[in-house]
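Structure first, commentary second.
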Amino acid sequence: MSNPSLQAVRGMNDILPDEAQLWLWFEDTVREWLDSYGYRNIRMPLVEPTALFKRAIGEVTDIVEKEMYSFEDSLNGDHLTLRPEGTASCVRAVLQHNLLYNAPQRLYYSGPMFRHERPQKGRYRQFHQIGVEAMGFASPDIDAEQILMCARLWRKLGLTDVTLQINTLGDAAARKQHREKLIAYFAQYEDLLDEDATRRLHSNPLRILDSKNPQMQELIAAAPKLMDELHEDAILHFEAVKSVLKQHGVAYEINPRLVRGLDYYNRTVFEWVTTSLGAQGTICAGGRYDGLIEQIGGKPSAACGFAMGVERLLSLLQAEPKVVLASPLDVYLVHQGELADAMAGVLAEQLRDAGLRVVLHCGDGGFKSQMKKADASGAQFAVIVGDDEAQTGQATLKPLRGEGEQARIAQIELAQMINKQINRAFQRG
RNA sequence: GUGGUCGUAGCUCAGCUGGUAGAGCCCUGGAUUGUGAUUCCAGUUGUCGUGGGUUCGAGCCCCAUCGAUCACCCCA
């Protein structure tokens with residue numbers, strides 16, 4: 001590090017070309033998958049009014065209380081925040097432009113999110129999510145569709161160590177009632193609570209149920225159950241989601257303690273979890289947020305969505321060496337000699353006109369070192385133009401992968417010949 | 001935000017109870033001055049994360065700081 005003071009901000013990473021190749025492949029795969037379900041792309045700004053997140057995510061959540069990159073615009077005093085998640089922005093955009101005026105919307109977005117957390121594997125201050133939102137849909141078929149489409153993506157990506165957990169949070173009224181009962185219950189046994197539980201009692205009592213402290217288990221087991229507060233229609237909704245999952249053979253585990261850390265969720269919540277990423281095992285999570293649209297100022301409208309953590313998914317992918325990325329290059333053009341040098345640039349353009357991906361050797365270097373670079377480039381072929389070829393309008397075509405001899409070919413036939421051989425290699429698989 | 005471990009060449013790492021640094025890979029050149037991936041030969045590469053302190057002397061010990069990593073917390 002030549003200048004240690006000019007480093008990337010902590011928790012914000014450079015994605016270098018070798019890794020970016022995997023990102024591109026992943027993004028292509030995801031786009032195809034979203035297309036196949038009719039979800040359409042939407043792009044929102046990275047910066048939003050701070051009030052948006054306070055209202056959507058909840059004032060007393062960890063995200064809003066201590067993880068947001070918030071600042072005052074020094075030019076006009078606006079209170080702004082780098083988005084910590086995408087749903088709030090997406091809802092804001094949909095309302096601002098009246099997209100729900102006469103049709104529900106299936107939308108997706110992707111990009112960086114920002115949370116000021118202590119970085120560790122699978123948790124960064126700038127991280128990337130792919131968010132999928134269905135707005136204006138009230139019935140349980142859309143919840144099920146979103147879970148099913150996740151399952152398809154995992155198959156497409158070749159991921160195996162991923163399991164589904166689901167739960168229902170009921171409606172806002174039921175949640176509120178449950179929360180109050182929970183606080184009353186735990187408050188009754190205040191002297192039995194450990195430090196964590198005491199701290200959470202009024203801030204996030206649901207989280208007490210997650211405690212791993214063995215001494216708390218008895219108390220937790222007897223705590224009021226959310227299920228007892230649920231209205232019949234919420235139960236039916238959940239049953240409907242489960243029955244579609246069964247119909248499609250998607251295995252799930254009901255986790256009554258599955259609680260999303262954002263206030264806007266209600267009814268169905270789900271989480272896809274892996275055991276191979278240590279503590280950051282959640283690679284995808286979401287659920288229904290029927291109240292949010294109204295809360296942000298729209299007409300009441302039901303919705304359901306989820307988000308995937310791109311970094312987490314990619315580190316899962318890297319753990320399984322199944323992904324073989326195609327060579328990004330067809331031709332490395334080697335040339336030497338005054339006439340050949342002048343000719344090579346023209347030839348490279350001709351090859352590109354024919355749809356080939358070509359790197360023209362630039363700078364010095366003998367044939368030997370140019371050939372080394374050709375090999376290292378990953379190109380399928382080296383095209384060599386020296387004085388001999390230049391004088392006869394020819395070029396030498398040399399396959400760099402697999403079998404095949406080099407041959408001299410007229411330059412005008414070169415592109416066609418290469419395309420033919422690439423197609424043949426492709427057909428062989 | 002709390003705690004544990006760790007920072008040595010571009011990468012992966014070695015470096016003994018303190019005596020001013022090494023290997024492999026990579027890269028460059030050569031082994032018939034027009035041919036890569038194998039082999040052989042030669043060569044380059046470092047403010048030992050940063051800043052202080054202890055010492056005759058610090059990569060090694062102490063403090064601080066930055067960063068990485070693991071866990072807690074939280075979450076994608």
Side-chain angles (χ1 to χ4, degrees), chain A residues 1-13 16 18 57 61-67 84-87 110-132 150 195-196 199-200 203-204 207 210-213 258-262 270-274 277-287 305-316 332 334-337 340 361 364-390 395-402 405-406 408:
Chain A
M1 183 69 54
S2 54
N3 190 342
S5 67
L6 288 182
Q7 295 183 37
V9 173
R10 182 173 201 198
M12 307 200 180
N13 300 310
L16 304 179
D18 281 344
I57 299 171
T61 57
D62 274 25
I63 292 178
V64 169
E65 277 184 337
K66 45 189 191 192
E67 295 176 1
E85 58 107 45
T87 302
S110 66
M113 308 292 166
F114 303 85
R115 294 184 199 172
H116 191 109
E117 297 184 277
R118 180 103 169 236
Q120 63 187 77
K121 196 186 208 70
R123 191 175 76 180
Y124 307 104
R125 291 183 177 179
Q126 175 177 328
F127 62 103
H128 296 76
Q129 285 190 335
I130 294 172
V132 178
C150 290
E195 200 183 323
D196 274 346
R199 181 170 49 81
R200 287 164 169 159
S203 63
N204 200 350
R207 279 281 172 204
D210 274 337
S211 170
K212 286 153 196 153
N213 185 346
L258 191 65
V259 181
R260 319 269 45 262
L262 298 81
F270 61 93
E271 206 161 289
W272 292 90
V273 183
T274 177
L277 290 182
Q280 265 61 48
T282 301
I283 55 168
C284 174
F306 63 92
M308 294 179 283
V310 176
E311 284 84 353
R312 291 182 187 180
L313 274 165
L314 290 180
S315 53
L316 262 191
Y332 193 98
V334 171
H335 56 95
Q336 194 173 52
H361 179 83
D364 297 331
F367 279 102
K368 189 181 183 69
S369 79
Q370 290 193 45
M371 285 304 294
K372 279 189 178 180
K373 291 193 167 82
D375 184 52
S377 76
Q380 298 294 314
F381 298 92
V383 166
I384 304 163
V385 183
D387 285 332
D388 297 353
E389 288 92 343
T396 298
L397 177 63
K398 175 164 184 163
L400 293 173
R401 320 288 150 199
E405 292 297 310
Q406 69 179 49
R408 279 230 194 160

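Each chain gets a letter, A, B and so on, in the order the sequences are listed, and its residues count up from 1.
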Atom pairs under 3.5 Å: protein N/O with N/O of nucleotides 35-41 of chain B:
{"unit_1": "rU35(B)", "atom_1": "O2", "unit_2": "Lys398(A)", "atom_2": "NZ", "d": "3.2"}
{"unit_1": "rU35(B)", "atom_1": "O2", "unit_2": "Gln406(A)", "atom_2": "OE1", "d": "3.4"}
{"unit_1": "rU35(B)", "atom_1": "N3", "unit_2": "Gln406(A)", "atom_2": "OE1", "d": "3.2"}
{"unit_1": "rU35(B)", "atom_1": "N3", "unit_2": "Gln406(A)", "atom_2": "NE2", "d": "3.3"}
{"unit_1": "rU35(B)", "atom_1": "O4", "unit_2": "Gln406(A)", "atom_2": "NE2", "d": "3.1"}
{"unit_1": "rG36(B)", "atom_1": "OP1", "unit_2": "Lys368(A)", "atom_2": "NZ", "d": "3.0"}
{"unit_1": "rG36(B)", "atom_1": "O2'", "unit_2": "Asp375(A)", "atom_2": "OD2", "d": "3.3"}
{"unit_1": "rG36(B)", "atom_1": "N7", "unit_2": "Lys398(A)", "atom_2": "NZ", "d": "3.3"}
{"unit_1": "rG36(B)", "atom_1": "N1", "unit_2": "Leu400(A)", "atom_2": "O", "d": "3.4"}
{"unit_1": "rG36(B)", "atom_1": "N2", "unit_2": "Asp375(A)", "atom_2": "OD1", "d": "3.1"}
{"unit_1": "rG36(B)", "atom_1": "N2", "unit_2": "Leu400(A)", "atom_2": "O", "d": "2.4"}
{"unit_1": "rG36(B)", "atom_1": "N3", "unit_2": "Asp375(A)", "atom_2": "OD1", "d": "3.4"}
{"unit_1": "rA37(B)", "atom_1": "O4'", "unit_2": "Asp375(A)", "atom_2": "OD2", "d": "2.9"}

Find every protein N or O atom lying less than 3.5 Å from an N or O atom of nucleotides 2-8 of chain B, and list the pairs.
{"unit_1": "rU2(B)", "atom_1": "O4", "unit_2": "Arg118(A)", "atom_2": "NH1", "d": "2.8"}
{"unit_1": "rG3(B)", "atom_1": "O6", "unit_2": "Arg118(A)", "atom_2": "NH2", "d": "3.2"}

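Nearest heavy-atom pair across Gly366(A) and Gln336(A) is CA-NE2, 3.4 Å. Considering all non-hydrogen atoms of both residues, Ala340(A) and Val385(A) come closest at CB-O, 3.4 Å. Between Phe270(A) and Gly287(A), the shortest heavy-atom distance links the atoms CE2-N, 3.9 Å. Nearest heavy atoms, Phe306(A) versus Cys284(A): CD1-SG, 3.5 Å.
Using P as the reference atom, rG22(B) and rG30(B) are 28 Å apart when rounded to the nearest Å. Remark: the separation of the P atoms in rG29(B) and rU38(B) is 16 Å, to the nearest Å. As rounded to the nearest Å, rC13(B) and rG52(B) have C1' atoms that lie 29 Å from one another. Using C1' as the reference atom, rA9(B) and rG43(B) are 15 Å apart when rounded to the nearest Å. One P atom belongs to rC40(B), the other to rC48(B), and the distance between them is 34 Å to the nearest Å.
Within the structure, salt bridge (Lys or Arg N to Asp or Glu O under 4.0 Å) pairs that include any residue of residues 113-123 of chain A comprise Glu117(A)-Arg123(A) (at least two apart or interchain). Listed by first then second residue, pairs satisfying salt bridge (Lys or Arg N to Asp or Glu O under 4.0 Å) with a partner in residues 366-385 of chain A read Asp375(A)-Arg401(A), not counting sequence neighbours.
Rounded to an integer number of Å, the gap from Glu117(A) CD to rU69(B) C1' is 16 Å. In this structure, the CZ atom of Arg115(A) is 14 Å from the P atom of rC74(B), given to the nearest Å. As a whole-Å value, the separation of Gln280(A) CD from rC75(B) C1' is 7 Å. At whole-Å resolution of the value, CD in Glu67(A) and C1' in rC72(B) are 14 Å apart. Look at CD on Glu65(A): it is 15 Å from C1' on rC75(B), rounded to the nearest Å. If you take CD of Gln120(A) and P of rA76(B), they are 15 Å apart, rounded to a whole angstrom. Between the C1' atom of rA76(B) and the CD atom of Gln126(A) lies a distance of 14 Å, rounded to the nearest Å. Look at CZ on Arg10(A): it is 8 Å from C1' on rC66(B), rounded to the nearest Å.
With no hydrogens or angles considered, no side-chain donor-acceptor pair links Thr396(A) and Gln406(A) at under 3.5 Å. With hydrogens and angles left out, the side-chain atoms of Gln129(A) and Glu85(A) include no donor and acceptor closer than 3.5 Å.
A stem is defined here as three or more consecutive Watson-Crick or G-U pairs, each with both distances under 3.5 Å; for RNA chain B these stems are B:1-7 with B:66-72, B:10-13 with B:22-25, B:27-31 with B:39-43, B:49-53 with B:61-65.
In terms of position on RNA chain B, the residue among Val385(A) and Tyr124(A) whose nearest nucleotide sits closer to the 5' end is Val385(A).
Formation of a donor-acceptor pair under 3.5 Å by the Arg312(A) side chain with backbone atoms of Gly122(A) is found in this model. Formation of a donor-acceptor pair under 3.5 Å by the His361(A) side chain with backbone atoms of Tyr332(A) is not found in this model.
Judged as a salt bridge (Lys or Arg N to Asp or Glu O under 4.0 Å), and not counting sequence neighbours, Asp387(A) has no contacts.
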